[in-house]
Amino acid sequence: MKKDLVKIIEDALKTLGIEKPTHIEIEIPQNESFGDMATPVAMILAATLKKPPKKIAEELVNAIKDKSVFEKIDIAGPGFINFTFSKKYIYSEIKKLMKDKSKFLREDIGKGKRVQIEFISANPTGPLHLGHGRGAATGAALSNLLEAAGYKVDREYYINDAGKQVRILGLSVFARYQQLLGRDYPFPEEGYRGGYIEEIARVLIKEEGEKYLKRAFDEVSDFFTDYSYKRMLSSIDSDLKDFGIAFDTWQSEKELYKKGDVEKALDDLKNRGLIYEKDGAAWFKSTAFGDDKDRVIIKQDGEYTYFTSDIAYHRQKVEKKYDEIIDIWGADHHGYITRVKAVIEAIGYPKEKLKILLVQMVTLLRGRKPVQMSKRAGKFITLREVIDEVGTDTTKFIFLTRRPDSHLEFDLEAAKAQSSENPVFYVQYANARINSIFAHAREKGIDTDMLYNADLKLLSVHEELRIIRKLLTYPMIFEGAVNAHEPHRITFYLQELSGMFHPYYNKYRVITEKSEQSRARLALCEAIRIVLQDGLEILGISIPEKM
RNA sequence: GCGCCUGUAGCUCAGUAGGACAGAGCAACUGCCUUCUAAGCAGUGGGUCAGGGGUUCGAAUCCCUUCAGGCGCGCCA
């Protein structure tokens with residue numbers, strides 16, 4: 001619908017000998033009486049053409065040769081051109097929608113471009129919490145969205161399985177192991193205190209018995225560390241599985257060291273003269289690329305920092321020749337952006353190569369009161385607990401009805417209380433209702449095949465035309481969501497569409513005595529169902545047949 | 001102190017590349033189930049878009065500034 005309109009406007013501009021602007025803006029007016037679509041081009045051109053916008057709009061409208069696709073074209077307000085499509089046109093479009101389905105709905109924007117999206121990447125030192133859940137829902141939905149738009153997407157989880165934190169995890173488990181077997185062993189000051197540590201220790205005792213009792217940690221640290229984080233990782237994986245999130249690759253940090261990628265990355269930077277020694281440490285000259293201070297990459301004690309492997313990691317990403325690299329981070333890591341982008345530039349790529357999408361913090365509430373969380377004390381609510389309590393679809397939907405960069409209050413009580421009237425059910429219910437209409441139709445012996453051949457002209461009441469027009473805007477919403485990397489636009493659209501279907505359902509009967517009309521209305525329902533399912537699939541939300 | 005994000009209806013949030021009278025859900029109140037699922041529908045009320053300047057034909061949207069909240073500013077990860 002939009003493509004056709006843009007073409008028409010471009011042709012008209014050409015006829016008038018006006019150079020077309022880089023972008024012909026088409027918008028969906030919020031006020032339906034203004035028509036289906038509107039363009040402010042006349043107002044935009046007014047400045048360069050030095051003519052009043054209304055005059056330009058008039059000329060433009062006159063230059064449109066074939067007006068048959070429109071019911072009317074108005075010039076309104078300060079110079080908007082409002083288009084209302086003819087019924088004939090929208091019937092033919094909706095027919096295409098039913099025949100071509102996702103091909104009609106989804107614009108091929110990516111054209112096969114390769115994108116890597118890295119998200120969650122939580123340390124395997126504890127269970128996922130709600131913040132990770134937000135990153136998970138957002139990352140997965142964005143991945144699906146871009147994939148639907150013709151990108152080839154790799155979903156990646158980066159595992160911090162090297163370094164200090166996993167060692168501390170290992171030590172924590174070691175300490176609990178000793179304690180459980182009756183040895184008086186001090187729990188490390190900086191250790192992880194969550195109950196899951198004890199659980200790992202218990203399982204370990206079951207599997208391996210007492211053979212590590214009374215050993216020194218240094219002798220068995222590799223075993224305990226490996227064992228513990230692998231256990232954590234598999235528990236994270238199973239949480240994600242239940243949350244409906246899947247990855248294509250799990251990139252291990254340790255692997256980067258093993259393969260020598262870290263060494264290679266450092267050599268690369270050294271060769272570029274971007275590494276220097278100071279105070280017994282090695283520094284990366286990130287200030288050369290806009291960072292506010294240089295960063296240590298080899299500490300005085302000879303160990304690497306967290307950032308060092310990140311250099312190697314991002315170098316590896318870039319060298320895999322993705323067309324686009326997207327990192328989704330929790331907003332608490334925003335201080336890292338310039339540093340990592342500095343790496344990209346340092347190795348000779350434009351920093352725009354890497355897009356970092358920040359997902360803001362989640363405040364967990366229970367009945368308006370903040371839930372106190374302390375990772376140190378091991379007191380925090382996990383993603384697992386939340387999805388057990390409020391459900392995965394509801395949880396995801398709450399995340400996906402917000403812009404990623406807005407702070408989010410997640411009230412467990414509200415989420416549960418709403419549960420029966422939650423917006424997610426509103427959307428799913430529309431689909432389930434349609435299924436039930438189809439079941440009814442089949443009982444009545446109405447042919448539900450090839451509905452696009454139904455006599456769509458019979459869809460003539462105001463509500464029906466409104467729904468058809470809404471359905472036809474889906475590709476525009478989709479395109480906007482893809483370009484802005486904002487899956488939540490799909491969420492809102494689905495709510496609006498459902499908000500048109502339910503009243504329609506309530507006011508009119510789909511299955512009537514008139515079989516041709518019934519088929520036409522079934523066709524409308526089918527079209528709605530196609531769009532609802534397309535949207536829900538992108539969001540990663542389930543599509544129950546019955547409710 | 002510096003940097004990033006946010007401030008829209010009682011609450012939680014949208015507001016589409018500055019555009020036409022600011023929207024939804026929840027909460028509140030009033031109605032609707034012998035007919036395709038009431039997780040639904042119909043109706044009512046509710047806002048100086050944090051405050052103040054500026055740019056523009058036009059600003060919730062862009063710029064400056066003040067205030068408020070969150071998060072960062074390690075040879076931690």
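Below, each value reflects all heavy atoms present in this structure, side chains not excepted, and no hydrogens, waters or symmetry copies. Within every chain, numbering begins at 1; the chains are lettered A, B, ... in the order of the sequence lines, protein sequences first and strands thereafter.
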**Request:** Using a 4.0 Å heavy-atom cut-off across all strands, classify A:F34 as base, sugar-phosphate, or nothing.
**Result:**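 Base, at least one base heavy atom under 4.0 Å.
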
**Asked** Would you say A:K299 has more than 12 foreign heavy atoms packed within less than 6.0 Å of its NZ?
**Response**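 For A:K299, atom NZ is crowded (more than 12 foreign heavy atoms under 6.0 Å).
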
**Complete:** Residue set satisfying ring-ring contact (aromatic ring centres under 6.0 Å, His included) with A:H502, at least two apart, ordered chain then number -> A:Y426, A:Y429

**Item:** Between B:C57 and B:U16 - C1' atom distance, rounded Å
**Value:**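 Taking atom C1' in both B:U16 and B:C57, they lie 22 Å apart.
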
**Integer angstrom distance from the P of B:C64 to that of B:A24** = 33 Å

**Message:** Let's test this: given Watson-Crick or G-U wobble pairing with both distances under 3.5 Å, identify the partner of B:U16.
**Reply:**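 B:U16 is paired with nothing.
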
**Request:** When you get a sec, tell me which of B:A38, B:A20, B:A14 is the closest nucleotide to the side chain of A:F80?
**Result:**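 Given the options B:A38, B:A20, B:A14, the side chain of A:F80 is closest to B:A20.
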
**Position toward the 5' end of RNA chain B (nearest nucleotide), A:Y504 or A:S498** =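 Its nearest nucleotide lies further toward 5', so the answer is A:Y504.
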
**Message:** Rounding to an integer number of Å, can you tell me how far A:F425 CZ sits from B:C26 C1'?
**Reply:**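 Going from CZ in A:F425 over to C1' in B:C26 covers 15 Å.
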
**Asked** Contact class for A:P78 (heavy atom, under 4.0 Å): base, sugar-phosphate, or nothing?
**Response** base

**Item:** Between B:A39 (P) and A:D393 (CG): distance, integer Å
**Value:** 17 Å

**Message:** Given B:C41, B:C13, B:A39, identify the nucleotide with an atom nearest to the side chain of A:P503.
**Reply:**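 From the listed options, B:C41 comes nearest.
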
**Partner residues of A:F397 under the ring-ring contact (aromatic ring centres under 6.0 Å, His included) criterion, sequence neighbours left out** =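 For A:F397 there are no ring-ring contact (aromatic ring centres under 6.0 Å, His included) partners, ignoring immediate neighbours.
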
**Asked** Looking at residues at least two apart in the chain, or sitting in another chain, which of them share a side chain to side chain donor-acceptor pair (under 3.5 Å) with A:K2?
**Response**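 Here the qualifying residues are A:E479.
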
**Prompt:** Between A:Y429 (OH) and B:C36 (C1'), how many Å, whole number?
**Reply:** 11 Å

**Asked** Which part of the nucleic acid, if any, lies within reach of A:N435 when heavy atoms closer than 4.0 Å are counted: base, sugar-phosphate only, or nothing?
**Response**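 No contact at all - A:N435 keeps every heavy atom at 4.0 Å or more from the nucleic acid.
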
**Message:** Does A:R366, at its CZ atom, have more than 12 non-hydrogen atoms belonging to other residues, nucleotides or ligands within less than 6.0 Å?
**Reply:**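 Enclosed: over 12 neighbouring heavy atoms sit under 6.0 Å from CZ of A:R366.
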
**Request:** Quickly work out the A:D405 CG to B:U8 C1' distance and round it to whole Å.
**Result:** 15 Å

**Item:** Closest-nucleotide ordering on RNA chain B, the 5'-leading residue of A:A76 and A:E409
**Value:** A:E409

**Request:** Determine, for nucleotides 70-77 of chain B in 5'-to-3' order, which nucleotides have protein heavy atoms under 4.0 Å from the base (write B), from only the sugar-phosphate (write S), or from neither (write -).
**Result:** BBSSSBSB

**Prompt:** How would you list, by chain and number, every residue that makes a side chain to side chain donor-acceptor pair (under 3.5 Å) with A:E25, sequence neighbours excluded?
**Reply:**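 A:E25 satisfies side chain to side chain donor-acceptor pair (under 3.5 Å) with no residue once adjacent residues are dropped.
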
**Asked** Stacking check: are the rings of A:Y426 and B:A39 less than 5.5 Å apart at their centres and under 30 degrees in tilt?
**Response**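 No, A:Y426 does not stack on the base of B:A39.
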
**Message:** Applying the Watson-Crick and G-U wobble criteria at under 3.5 Å, what pairs with B:C76? Answer none if nothing qualifies.
**Reply:**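 With both distances under 3.5 Å required, B:C76 matches none.
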
**Prompt:** What does B:A38 pair with, Watson-Crick or G-U, if both distances are under 3.5 Å?
**Reply:**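 Paired with B:A38, as far as the under-3.5 Å criterion goes, is no nucleotide at all.
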
Name the pairs: protein N/O against N/O of nucleotides 15-17 of chain B, kept only if under 3.5 Å.
unit_1	atom_1	unit_2	atom_2	d
B:G15	OP1	A:H488	NE2	3.1
B:U16	O2'	A:R489	NH1	3.1
B:U16	O4	A:I28	O	3.1
B:A17	N7	A:H23	NE2	3.3
B:A17	N6	A:H23	ND1	2.5

**Prompt:** In whole angstrom, what separates A:E413's CD from B:C26's P?
**Reply:**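 The answer, rounded to whole Å, is 18 Å.
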
**Ring centres under 6.0 angstrom apart (A:F80, A:F34)** = no

**Item:** Atom NZ of A:K254 with >12 non-hydrogen neighbours under 6.0 angstrom
**Value:** yes

**Asked** What nucleotide among B:U35, B:C4, B:A14 has an atom nearest to a side-chain atom of A:L358?
**Response**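 Among B:U35, B:C4, B:A14, the one nearest the side chain of A:L358 is B:C4.
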
**Message:** Applying the Watson-Crick and G-U wobble criteria at under 3.5 Å, what pairs with B:U61? Answer none if nothing qualifies.
**Reply:** none

**Prompt:** Under a 3.5 Å cut-off for both distances, is B:U56 Watson-Crick or wobble paired, and to whom?
**Reply:** none

**Prompt:** How far, in whole Å, is B:G58 from B:C13 if one measures between their P atoms?
**Reply:**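 Roughly 34 Å separates the two P atoms.
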
**Sequence-distant partners of A:E486, side-chain contact (heavy atoms from CB on, under 4.5 Å), two or more places apart** =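 In terms of side-chain contact (heavy atoms from CB on, under 4.5 Å), with neighbours along the sequence ignored, A:E486 is linked to A:A484, A:H488, A:R489.
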
**Asked** Mind telling me whether B:C33 is syn or anti, cutoff 90° either side of 0?
**Response**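 Syn for B:C33; the angle stays within 90° of 0.
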
**Item:** Contact list for residues 391-402 of chain A, test salt bridge (charged side-chain N to carboxylate O under 4.0 Å, His left out), sequence neighbours left out
**Value:**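 Listed by first then second residue: nothing to list.
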
**Prompt:** Separation of A:K546 atom NZ from B:A38 atom P, in whole Å?
**Reply:**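 Rounded to the whole Å, the gap is 15 Å.
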
**Request:** Could you tell me which residues satisfy ring-ring contact (aromatic ring centres under 6.0 Å, His included) with A:Y257, sequence neighbours excluded, listed by chain and number?
**Result:**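 Result, ring-ring contact (aromatic ring centres under 6.0 Å, His included) vs A:Y257: A:Y304.
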
**Item:** Interatomic distance at P, B:G10 relative to B:G45, whole Å
**Value:** 16 Å

**Prompt:** With sequence neighbours left out, what residues match A:K230 under side-chain contact (heavy atoms from CB on, under 4.5 Å)?
**Reply:**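 By the side-chain contact (heavy atoms from CB on, under 4.5 Å) rule, A:K230 matches A:D226.
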
**Item:** Phosphate OP1/OP2 of B:C41 contacted by A:Y508 side-chain N/O (<4.0 Å)
**Value:**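 For B:C41, neither OP1 nor OP2 has a side-chain N or O of A:Y508 closer than 4.0 Å.
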
Please enumerate all protein N or O atoms sitting under 3.5 Å from an N or O of nucleotides 29-34 of chain B, with distances to 0.1 Å.
none

**Message:** Tell me which nucleotide, if any, is Watson-Crick or G-U wobble paired with B:A68 when both distances must be under 3.5 Å.
**Reply:**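 When the pairing criteria are applied, B:U6 turns out to be the nucleotide that pairs with B:A68.
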
**Message:** Rounded to whole Å, how long is the line connecting atom CZ of A:F410 with atom C1' of B:C26?
**Reply:** 15 Å

**Complete:** Across every strand shown, the nucleotide meeting Watson-Crick or G-U wobble geometry with B:A28 (both distances under 3.5 Å) is B:U44

**Asked** When you check the phosphate oxygens OP1 and OP2 of B:U35, does a side-chain N or O of A:T512 lie under 4.0 Å from one of them?
**Response** no

**Request:** Check the angle between the aromatic planes of A:F174 and A:F224 and answer parallel, tilted or perpendicular using the 30° and 60° thresholds.
**Result:**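 It falls in the perpendicular class, over 60°.
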
**Asked** Going by the side-chain hydrogen bond (donor to acceptor under 3.5 Å, both in side chains) test, which pairs reach into residues 72-84 of chain A, not counting sequence neighbours?
**Response**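 The answer is none; no pair qualifies.
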
